[in-house]
Amino acid sequence: MRTRPLKVALLGCGVVGSEVARIMTTHADDLTARIGAPVELAGVAVRRPSKVRAGIDPALITTDATALLKRGDIDVVIEVIGGIEPARTLITTAFENGASVVSANKALLAQDGAALHAAAEQHGLDLYYEAAVAGAIPLVRPMRESLAGDKINRVMGIVNGTTNFILDKMDSTGAGYQEALDEATALGYAEADPTADVEGYDAAAKAAILAGIAFHTRVRLDDVYREGMTEVSASDFASAKRMGCTIKLLAILERAADGESVTARVHPAMIPLTHPLASVREAYNAVFVEAEAAGRLMFYGPGAGGSPTASAVLGDLVAVCRNKLAEATGPGESAYTQLPVSAMGEVVTRYHISLDVADKPGVLAQVATTFAEHGVSIDTVRQQGKDGEASLVVVTHRAPDAALSGTVDALRKLDTVRGVASIMRVEGE
């Protein structure tokens with residue numbers, strides 16, 4: 001066994017970084033045995049050096065991350081700062097100075113993953129990022145390695161714990177969106193500003209990363225269609241229950257039937273209670289992968305938090321350190337298919353549409369005609385009326401999203417339609 005330790009620089013020491021440092025210290029002997037050489041925390045770059053960090057030698061703390069990376073003896077850099085800058089520049093600096101990188105930075109990888117992979121390859125180094133997508137759930141490496149000989153056609157998952165907690169509370173207690181969000185905030189599941197979660201930005205970044213891995217093509221954050229979940233209401237859940245469904249914020253990645261393009265989207269959707277994702281509760285994540293040879297696979301577990309995310313980071317650290325000792329590198333970017341990403345309008349899906357209409361003869365016929373004019377077939381209709389007002393709930397058969405969206409636009413213009421109360425896609429059937 002090699003006796004000279006592999007030296008690790010830690011960039012960021014917040015919730016995740018501090019847990020990474022703790023595990024590296026308390027599990028040092030186990031890590032040594034698993035890697036084949038000792039690993040040593042050589043420095044920790046932070047913004048606020050005066051903050052007390054239990055278990056970390058104050059002598060390791062520095063505010064000069066660049067100087068830490070340029071020391072010349074750093075083997076691996078763990079980046080848990082988040083955001084685009086200075087993380088991007090620091091990762092590039094790490095590669096230029098001979099260090100492989102383990103990152104949890106979903107936003108950066110979704111935006112500039114191709115450039116970072118190219119920099120790693122140029123210098124013969126590793127870029128690993130298991131923790132960027134689903135916390136402790138082993139997902140990136142199984143898709144990059146275990147399924148490398150298979151063909152993945154579809155990935156559908158819950159990849160944000162905050163939104164799943166909120167929707168689960170709305171479903172199980174009948175709470176409204178704001179009430180469920182307030183509970184999530186009080187319990188620490190939601191940030192003071194929850195926009196990145198509830199508007200789907202976090203899930204969209206993860207979707208871009210997963211799509212690139214699944215389909216061996218480059219998918220950027222801008223390629224992912226995104227809708228948030230702030231408009232989901234208690235009445236939507238009531239409608240879902242009448243259909244034997246629940247509502248989840250889903251990341252859905254699909255290869256076209258002809259194999260010539262892919263789609264990537266994030267939005268709320270109704271899914272049947274019989275679907276495995278319907279039973280995912282609280283702040284858990286789960287991802288459903290459909291592959292040609294392997295069939296259907298489901299990955300489930302805690303998708304966020306200090307300890308779960310640190311677990312994924314340390315798993316990558318072990319893999320990267322083993323590669324260092326073997327003077328080898330693991331899998332890099334695989335983008336050989338160069339498939340285009342289709343627009344949302346080309347996605348084939350179903351709609352659940354709730355309309356406020358006048359309660360008088362001929363309304364249903366007028367609505368049905370509008371659907372027919374746009375080439376959209378109706379599956380079911382439910383109508384309730386009282387005192388001259390009525391609600392009409394229509395569930396369609398599968399059709400291109402552009403046709404469905406065009407139908408809704410036309411419905412809004414009908415004199416008998418007073419408003420479109422809600423629109424929800426139906427998936428998982």
Side-chain angles (χ1 to χ4, degrees), residues 109-110 113-114 130 132-134 137-160 200 203-221 223-227 248-272 274-280 285-300 303 331-351 397-404 425-429:
L109 288 160
E130 184 69 66
V133 175
I137 304 173
L139 180 61
V140 170
R141 208 170 315 149
M143 288 177 63
R144 285 214 297 182
E145 299 179 30
S146 302
L147 296 174
D150 208 337
K151 181 180 180 182
I152 297 174
N153 291 317
R154 195 167 195 257
V155 179
M156 183 167 79
I158 298 162
V159 294
N160 182 277
K206 296 169 182 176
I209 295 169
L210 290 178
I213 297 170
F215 306 133
H216 302 278
T217 196
R218 287 178 180 169
V219 179
R220 289 170 52 89
L221 181 58
D223 296 322
V224 181
Y225 174 83
R226 176 197 55 78
E227 282 183 22
K248 299 292 185 182
L249 184 76
L250 298 176
I252 304 174
L253 323 169
E254 295 173 301
R255 188 192 300 269
D258 62 7
E260 296 301 314
S261 64
V262 299
T263 56
R265 51 192 166 114
V266 168
H267 55 72
M270 294 181 180
I271 58 172
T274 53
H275 194 282
L277 292 177
S279 61
V280 179
N285 284 192
V287 178
F288 203 66
V289 178
E290 298 179 31
E292 205 163 84
R296 296 180 173 183
L297 309 170
M298 183 157 156
F299 300 83
Y300 169 84
E333 183 189 33
S334 177
Y336 69 92
T337 64
Q338 300 183 25
L339 296 173
V341 182
S342 297
M344 184 64 191
E346 299 179 41
V347 171
V348 176
T349 184
R350 300 174 66 201
Y351 271 23
H397 286 293
R398 289 170 63 80
D401 198 85
L404 291 162
R425 293 177 182 86
V426 181
E427 299 287 342
E429 296 182 323

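When a residue number appears, it is its place in the shown sequence, counting from 1.
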May I have the list of side-chain donor-acceptor pairs in residues 341-348 shorter than 3.5 Å, sequence neighbours left out?
| residue | atom | partner | partner atom | Å |
| --- | --- | --- | --- | --- |
| Ser342 | OG | Ser261 | OG | 3.1 |

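Interatomic distance, CZ of Phe215 versus CG of Leu253, reported as 5.5 Å (0.5 Å rounding). Rounding to the nearest 0.5 Å gives a distance of 11.5 Å between CG of Leu339 and OG1 of Thr263. In this structure, CG in Asn160 is found 7.0 Å from CG in Leu249, a value given to the nearest 0.5 Å. For the atom pair NZ (Lys206) and CD1 (Ile158), the distance works out to 12.0 Å, reported to the nearest 0.5 Å. Atom-to-atom distance recorded for Glu333:CD and Arg144:CZ is 10.0 Å, nearest 0.5 angstrom.
In terms of the ring-ring contact (aromatic ring centres under 6.0 Å, His included) criterion, residue partners of Tyr300 (sequence neighbours excluded) are, by chain and number, Tyr284. Residues satisfying the ring-ring contact (aromatic ring centres under 6.0 Å, His included) test with Phe288, not counting sequence neighbours, are His275. For Ser334, the side chain to side chain contact (heavy atoms under 4.5 Å, CB included) partners at least two apart in sequence or on another chain are His216, Tyr336. Ala294 is linked by a side chain to side chain contact (heavy atoms under 4.5 Å, CB included) to Leu147, Asp150, Ala291, Leu297, counting only residues two or more places apart in sequence or in another chain. Here Arg141 pairs with Asp316 under the salt bridge (Lys or Arg N to Asp or Glu O under 4.0 Å) rule; sequence neighbours left out. Residues passing the side-chain hydrogen bond (donor to acceptor under 3.5 Å, both in side chains) test with Asp223: none are found, sequence neighbours excluded. Partners of Lys248 under the salt bridge (Lys or Arg N to Asp or Glu O under 4.0 Å) rule, at least two apart in sequence or in another chain, do not exist in this structure. In terms of the salt bridge (Lys or Arg N to Asp or Glu O under 4.0 Å) criterion, Arg226 has no residue partners (sequence neighbours excluded). In terms of the side-chain hydrogen bond (donor to acceptor under 3.5 Å, both in side chains) criterion, Thr217 has no residue partners (sequence neighbours excluded). Ser279 is linked by a side-chain hydrogen bond (donor to acceptor under 3.5 Å, both in side chains) to nothing, counting only residues two or more places apart in sequence or in another chain.
Nearest heavy-atom pair across Ala132 and Leu109 is CB-CD1, 3.8 Å. Taking both residues in full, the closest heavy atoms of Leu221 and Ala208 are given as N-CB, 4.0 Å, listed atom of the first, atom of the second, then distance. Summarising the geometry of Ala399 relative to Leu404, their closest heavy-atom pair is O-CD1, 3.5 Å, with the distance given to 0.1 Å. Taking every heavy atom of both residues into account, Val159 and Ala251 meet most closely at CG2-CB, 4.1 Å. Taking both residues in full, the closest heavy atoms of Gly428 and Met156 are given as CA-CE, 4.0 Å, listed atom of the first, atom of the second, then distance.
At least one side-chain heavy atom of Ile271 sits less than 4.5 Å from a side-chain heavy atom of Leu250.
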Item checked: Pair Ile252-Arg425, side chain to side chain contact (heavy atoms under 4.5 Å, CB included): steps then yes or no -> CA-CA 12 Å; Ile252 304 174; Arg425 293 177 182 86; over 6 Å; no
Note to self: Let's go through Met143 and Val155 carefully: what are the C-alpha distance in whole Å and the side-chain angles of both, what is the deciding distance for side chain to side chain contact (heavy atoms under 4.5 Å, CB included) to 0.1 Å, and is it a yes or a no?
What the structure shows: CA-CA 11 Å; Met143 288 177 63; Val155 179; 4.2 Å; yes
Next item on the list: Carefully, step by step, assess Leu210 and Leu139 under the rule side chain to side chain contact (heavy atoms under 4.5 Å, CB included).
Entry: CA-CA 9 Å; Leu210 290 178; Leu139 180 61; 3.8 Å; yes
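With Glu290 contributing its side chain and Asn153 its backbone, the two residues share no donor-acceptor pair below 3.5 Å.
A salt bridge (Lys or Arg N to Asp or Glu O under 4.0 Å) check over residues 250-262, counting only residues at least two apart or in different chains, returns the pairs Arg154-Glu254, Glu254-Arg265.
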